[in-house]
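I have placed the structure first, in the form of structure tokens, so that the comments after it can refer back to it.
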Amino acid sequence: MPALLVVPLALALAYFALLDGWYLVRVPCAALRARLLQPRLPDLLAESRHAGRVLPSDLDLLLHMNNARYLREADVARAAHLARSGVLGALRALGARAVLAASCARYRRSLSLLEAFEVRTRLLGWDDRAFYLEARFVRARDGFVCAVLRSSQHVLGASPERVVQHLCKRRVESPELPEDLLLWIAYNKASSRLLRAESGVDDVAKDQ
């Protein structure tokens, strides 16, 4: 019997040693749970909430949740949100996919060991290339917004407008994007132009 355990233990060890094991499990599980066990969001712009807690593996040297974990938790919450809103299903039906093209984070207050929080995710709007989402890390004990993350999800194989039209069965205009988000989008475009100029790439070649 012990010999029979060697192979599965070795495979499990290799999986977690060579791959980002928990991430590869959590993201699809979060999307599947959201799709099968949680109610559909009533509106495309509605907020979804994903509960979390700071674990020992999340800590940095100052015993706070480290900055990379915020991005990780935002990824998990975003997958669940897109599943509950129906965007993932619409992308799949159109043979398209969405990829993370840019993100930014603002950290306002730290989260400590075993502290409970919610990731509140909402769609801010879209343009001809991308969906723009916001994730707020809200401390459970007092509702303080500890961090805010913005992300740009570029749609490949379709357009955001077509995805929304497929989902809503009619043409829907994006809500007006917040001023700070427009400035961030402009920064990303300016950065792309500079990088293309540095590398000698024709401006026609678009970043993802």
Here the gap from Leu91 atom CG to Arg162 atom CZ, rounded to the nearest 0.5 Å, amounts to 11.0 Å
Would you say that Tyr187 contacts Leu183 through its side chain, given a criterion of any heavy-atom pair below 4.5 Å between the two side chains? no
Does some side-chain heavy atom of Val148 sit less than 4.5 Å from a side-chain heavy atom of Glu134? yes
Hydrophobic cluster membership, with links at side-chain heavy-atom distances under 4.5 Å among I/L/V/M/F/W/Y: are Leu32 and Leu37 in one? yes
Closer than 4.0 angstrom, basic N to acidic O: yes or no for Glu115 and Arg141? yes
Option among Glu47, Arg49, Glu118, Arg122 that satisfies the side chain to side chain contact (heavy atoms under 4.5 Å, CB included) test with Arg136: Arg122
Polar side-chain atom of Tyr132 near backbone of Gln153 as donor-acceptor pair, under 3.5 Å: no
From Lys189 atom NZ to Arg193 atom CZ, the distance as rounded to the nearest 0.5 Å: 8.5 Å
Tell me whether Val164 is reachable from Leu156 by hopping between hydrophobic residues (I, L, V, M, F, W, Y) whose side-chain heavy atoms are closer than 4.5 Å. no
Which is it for Leu167 and Val87 under the side-chain contact (heavy atoms from CB on, under 4.5 Å) test, yes or no, and what are the steps along the way? CA-CA 7 Å; Leu167 183 60; Val87 171; 4.2 Å; yes
Between CG of Leu111 and CZ of Arg53, what distance do you get to the nearest 0.5 Å? 11.5 Å
State whether the number of non-hydrogen atoms from other residues, nucleotides or ligands found under 6.0 Å of Arg33 atom CZ is greater than 12. no
Can you name the nearest heavy-atom pair linking Leu41 to Ala46, along with the distance? CD1-O, 4.0 Å
Distance-minimising heavy-atom pair for Leu177 and Leu181: CD2-CD2, 3.9 Å
Can you tell whether the side chains of Arg196 and Glu198 come within less than 4.0 Å, N to carboxylate O? no
Please assess Ser57 against Arg69 for the test side-chain contact (heavy atoms from CB on, under 4.5 Å), listing each intermediate value before the final yes or no. CA-CA 9 Å; Ser57 58; Arg69 286 297 180 180; 4.2 Å; yes
For residues Leu55 and Leu113, report the shortest heavy-atom separation together with the two atoms involved. C-CD1, 3.8 Å
Nearest heavy-atom pair of Ser110 and Cys146: which atoms, and what distance? O-SG, 4.4 Å
Taking the side chain as every heavy atom from C-beta outward, state whether Val145 and Arg108 have any pair of such atoms under 4.5 Å apart. yes
Plane angle bin for Phe117 and Phe137 - parallel if under 30°, tilted between 30 and 60°, otherwise perpendicular: tilted
From CG (Asp180) to CZ (Arg106), nearest 0.5 Å: 10.0 Å
Looking at Phe144, is Arg109 sitting on its ring face, NZ or CZ under 6.0 Å from the six-membered ring centre and within 45 degrees of the normal? yes
Linked, directly or transitively: Leu114 and Val54 (ILVMFWY side chains, under 4.5 Å): yes
Just by distance, no angles: are the side chains of Thr121 and His81 close enough, under 3.5 Å, to form a donor-acceptor pair? no
Less than 4.5 Å apart, any side-chain heavy atom of Tyr15 and any of Val25? yes
Linking I/L/V/M/F/W/Y whenever any side-chain heavy atoms sit under 4.5 Å apart, do Trp184 and Leu124 land together? yes
Enter the distance from Asp128:CG to Ser159:OG here, rounded to the nearest 0.5 Å. 8.5 Å
Nearest non-hydrogen partners of Pro175 and Leu45, listed with the distance: CG-CD1, 3.8 Å
Please report the closest heavy-atom contact between Ser151 and Arg78, naming both atoms and the distance. OG-NH1, 3.7 Å
Side-chain ion pair, Arg72 and Asp75, N-O less than 4.0 Å: no
Interatomic spacing from CG in Leu133 to CG in Leu82 - rounded to 0.5 Å: 5.5 Å
Plane angle bin for Phe131 and Trp126 - parallel if under 30°, tilted between 30 and 60°, otherwise perpendicular: perpendicular
Are Val76 and Leu71 linked, directly or through other ILVMFWY residues, by side chains that come within less than 4.5 angstrom of each other? no
Side chain to side chain, Leu59 and His64, heavy atoms closer than 4.5 Å: no
Heavy-atom side-chain contact between Gln165 and Val163 under 4.5 Å: no
Flag the pair Ser112 / Met65 as yes when at least one side-chain heavy-atom distance between them is below 4.5 Å, and no otherwise. no
Counting distance only, does the side-chain N/O of Arg84 pair as donor-acceptor with the main-chain N or O of Pro39 below 3.5 Å? yes
